Enquirer: 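Let me begin by handing over the structure; questions about it come next.
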Amino acid sequence: MMEPTAYLLLSGILFGIGVAGVVARKNALIILMSVEIMLNAVNVAFIAVGSHLGDPTGSIFAFMVMTVAAAEAAVGLAILIAIYRLKETIDITELSVLKW
Amino acid sequence: MVTGILDYIWLVPALPLLGVLLNGAIALFCERPLLLAEAAHGDEGHGHGDAHGGHHAPAPYRKLVAFIGPAVVGAAFVVSVLAVLALAARPAHDRFFVQVLFPWIQAGGFSAPAALQLDPLSSVMILVVTGVGFLIHVYSAGYMSHEKAFARYFVYLNLFTFAMLTLVLGSNYLVMFVGWEGVGLCSYLLIGYWYEKKSASDAGKKAFIVNRIGDFGFMLGVFLIFWTFGTVNYTEVFAKVPLLSANGVLTTEIATAITLLLFVGAIGKSAQIPLYVWLPDAMEGPTPVSALIHAATMVTAGVYMVARSSSLFLLSPVSMGVVATVGAATAIFSATIGITQNDIKRVLAYSTVSQLGYMFLACGVGAFTAGIFHLMTHAFFKALLFLGSGSVIHALSGEQDMRKMGSLKKHLPITFTTMFIATLAIAGIPGLSGFFSKDEILWKAFSSEHGHIALWAVAALAAGITAFYMFRLVFLTFFGESRMEPEVEKHVHESPYSMTVPLMLLAVLSVVGGWIGIPEVLKGHNYFEEWLAPVFAQGAAGGHGAAGAHGAAHHPVALELGLMAGSVAVALCGIGLAYYLYRVRTNKPKEIAEAVPGLYDVVLNKYYVDEIYDFLFVRRIVNGSIVLWQAFDAAFIDGIVNGIAAAVRGAGDGVRRLQTGVVGNYAFSLLLGAVLLVGYILTR
Amino acid sequence: MEPILFIIFGAIAVGGAIMVVTRKHPMSSALYLILTLFAVAALFVLRQAHFLAAIQVIVYAGAVMVLFIFVIMLINVPENKLPMERLTGLRLLGVVAAGFLILESAILARRFAMPAGSTADAGSVQAVGRALFTDYLLAFEITSVLLLAAVIGAIALAKRKI
């Protein structure tokens, strides 16, 4: 089996892409999807190192991350729907009520 | 062991306090609303002369106040008399009674209970305070009857009596200090009774501030006593004196420091050089107040305190010398000012300062008994003089300038007679109270081991000057031609009985008050000295042997009689001179004044002491305070505080713009943080 | 065999991810995300994590992404009402920072040095199931509570009136 270095590198790249999506996009739906990419990147790292060590804990952690991701997606999308109903937009730059 | 009236000694201060509460309630809930309502109706204030306020329908509460005020003090007097009789019934060595009311300050080994101590010394004081105080309260009820703030006046007066009794009855220096401050407060309140008048409120402030200087010394003295003895209770302190001076803890230097500090307090309270300046100004207060506080009682507190601490003072020859010198200097200094004053009350004020100087002279030469004796007789005749002058002022619708009086003898027979008796007494005419007490002081100043012939000479000269200016006062006021304003002359009237009866009683006391202390040399018996002997004997035992009391034994009787005759002669000279200048050659005083204009002006302006103080201290302090206020407080301290606040606000104003409300920006911050954090971990 | 498959599926995953964050319409993004998720699932298989690979396909690609597409179609923002997006200012800086993060993670990955374990089938259904229901039972049960809370929360948020 391969050393996990390449997987970790891949994981970092995926994570970076996800981060870039979160920071650079205005569309709330795409931001949520970018978050999913970041979570998946983390899962890749978990699985790679877990199999390298021969320890099921890696899989368990990835499992937990997926659960949280599912919950996050559900709640996040619900919020998005609520916001859309209120503001008729999914542009997060227009949601600046947290202002001074 | 103790039974009977002595257990009720707490009533003596408590009764005036009751008066304070009752009159205070009346003043707050009856009088104040009335006055406020009157003020609201734009009622033009009456000219606040000394006596005549104005005329308005008497409110019913005034009678109640006029009853409560004197009655509580009278009741206190009755209790005092009974208690002192009970004390006198005991054998001489057992005339001592302490009543602990409640533990007051308790910290570690330190204990200062709120306790009252009745012994021969304090019994004299409470009799004087309640007795003279009662008469003055009665007099006040008549004198102040035209005042609007009638209840307020009696609240203050009763509060003063309470504080003064606390002062003299306290069994330790801290209780004394409470009374000491209390009388200072009441003095301030009463001097500034007519607070609408600027000079009156200024005089009140002056009295209070000058007293504070003395109080500072007094407090330091008490601290030093505690530091040295570990206690402030009189009995414990004085009992420890022989022991501590034997084992070297209480050196002469420490005793000197303690006593000089205490004496600073006495100087302030009893208006001696250099802190006497407040007393003449205190005459801005109502005349009965001058009589009670600034002649008979409060100003004698310093003398009482020095006498009370006699065992400490006797340890330090230096302090004794200072006390005697300051006393003698004050006596002659203020007597000379008294010659030139034209305000009847101011003459009496300087006379009071002078007589207080006598008392300190007596204490300074170790003749504490004589000092207290003079304190008592002085309380009688000086209260009488003040009340008499009040009666004159009352009759003249507030006129206080003697140059505008004259020939009042026929208009005010009772006032004249009583005041004349008091004048004879203060001048030292044989047979009257002032003679015995003053002469005893003169004799002790000469004969005591602490005494000196110079002290005697100064005191005798001061006695002559006293006789002169007092008779000047009488001649200018009651004899000669009327110099009154015509309008005033029409209203001249003898005062009501509430005022004249106290005058008569005080006149009787001024005559007979001295008979309890007739010296042995005149074939009398000095009951007074015998009575006070137990108090001062312990002091003498702890100090430098028999002082004062037994000093006379070393001198021949003829010498004592000769000096007595000499002082009487000096007094008669003073009277004669006054008669010559103010009855026979009435132009002469003016000629003399014109002959030595420089000297006359200096004395007339009270040696410019007020101006000197103003220049030396007051203006410096005021200017310094202004600098502190504007440069330090307003600019620096406030600058720091406001600066910090402004900086925080400015920073907040800048930083709040970071909160764009756009989630992307927050995410970017988060990312930046993560990059930097990971970078830090990598480079570590 | 593994390196070749890794490169293929890794390239698909990265390419998909780039497409997700660069598409204008969320529907395109969602479809590319599904592609990425499948590629990641393949990578899981490569690492012998069969259980997670199955979950990835069923739960993630199946359930979660269906939810996403459902919402996209529900909201259905018209093309011309989508946000105007330009890579300027802070956004550009953010992308640069993300690039730095990748660089840093690459350095970290190169530093990885841990001894390999003995067991080869750590990711098998058997091994994961055993671990899940023995050592991590409490965490597993709490996960169910979390999901329940998420369901209730989602309902509460999405309802028009509570």
Side-chain angles (χ1 to χ4, degrees), chain A residues 1-2 4-21 23-27 29-30 33-34 36-37 40 43-44 47-60 62-64 66-71 73-75 77-82 84 90-91 93, chain C residues 2-3 6 10 13-14 17-18 20-21 26 29-30 33 36-37 40 43-44 47-49 51-52 55 59-60 64 67 71-72 75 77 82-83 85 87 91 94-95 98-99 101-102 105-106 109-110 112 114 116-119 122-123 127-128 131-132 136 139 143 146-147 150 153-154 157-158:
Chain A
M1 217 200 290
M2 278 169 70
T5 311
Y7 288 91
L8 291 175
L9 188 62
L10 176 70
S11 163
I13 292 166
L14 282 177
F15 190 84
I17 293 168
V19 165
V23 178
R25 297 302 300 257
K26 287 182 179 173
N27 193 319
L29 277 163
I30 292 175
M33 285 184 238
S34 302
E36 299 298 332
I37 293 175
N40 261 280
N43 277 358
V44 169
I47 295 297
V49 177
S51 69
H52 174 69
L53 296 176
D55 191 337
T57 311
S59 294
I60 302 291
F63 177 76
M64 298 294 171
M66 271 185 206
T67 324
V68 171
V75 175
L77 289 170
I79 291 171
L80 208 64
I81 291 173
Y84 187 75
I90 50 171
D91 185 345
T93 55
Chain C
E2 197 193 350
F6 168 75
V14 171
I18 289 171
V20 168
V21 297
S29 296
L33 185 56
T36 302
L37 293 179
V40 171
L43 291 173
F44 287 175
R47 292 309 282 184
Q48 312 295 325
F51 176 65
L52 254 290
I55 297 281
V59 174
Y60 238 126
V64 175
L67 188 62
V71 168
I72 291 165
I75 293 174
V77 185
L82 285 170
E85 304 201 41
L87 206 56
R91 299 175 193 289
V95 174
L101 201 63
I102 292 171
S105 67
R110 281 178 60 85
F112 181 84
M114 282 174 113
S118 50
T119 43
V128 174
L132 208 52
Y136 299 100
T143 308
L146 173 70
L147 285 171
L157 279 163

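Everything numeric in this text was worked out from a predicted model, so none of it was measured.
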Enquirer: At a 4.5 Å cut-off on heavy atoms, which part of I18(C) comes close to chain A: side chain, backbone, both, or neither?
Expert: both

Enquirer: Are the side chains of F63(A) and V128(C) in touch, meaning some heavy atoms are under 4.5 Å apart?
Expert: no

Enquirer: Report the distance from atom OH of Y136(C) to atom CE of M64(A), rounding to the nearest 0.5 Å.
Expert: 8.5 Å

Enquirer: With side chains defined as the heavy atoms from C-beta onward, is the minimum distance between L10(A) and V14(C) less than 4.5 Å?
Expert: yes

Enquirer: For L33(C), is it the side chain, the backbone, both or neither that has a heavy atom under 4.5 Å from a heavy atom of chain A?
Expert: side chain

Enquirer: Check whether S11(A) gets within reach of chain C through its side chain, its backbone, both or neither, counting any heavy atom under 4.5 Å.
Expert: neither

Enquirer: Non-hydrogen atoms of chain C under 4.5 Å away: do they reach the side chain of D55(A), the backbone, both or neither?
Expert: backbone

Enquirer: Any chance you could measure M33(A), atom CE, to I72(C), atom CD1, to the nearest 0.5 Å?
Expert: 4.0 Å

Enquirer: Counting only heavy atoms closer than 4.5 Å, note whether L14(A) contacts chain C via side chain, backbone, both or neither.
Expert: side chain

Enquirer: Taking the side chain as everything from C-beta on, heavy atoms only, tell me whether I37(A) gets closer than 4.5 Å to V20(C).
Expert: yes

Enquirer: Checking I79(A) against chain C: side chain, backbone, both or neither under 4.5 Å from a heavy atom?
Expert: both

Enquirer: Return the set of residues passing ring pair (Phe, Tyr, Trp, His ring centres under 6.0 Å) with F6(C) (not counting sequence neighbours), or none when no residue passes.
Expert: Y7(A)

Enquirer: Indicate yes or no: at least one non-hydrogen side-chain atom of M66(A) is less than 4.5 angstrom from one of L52(C).
Expert: yes

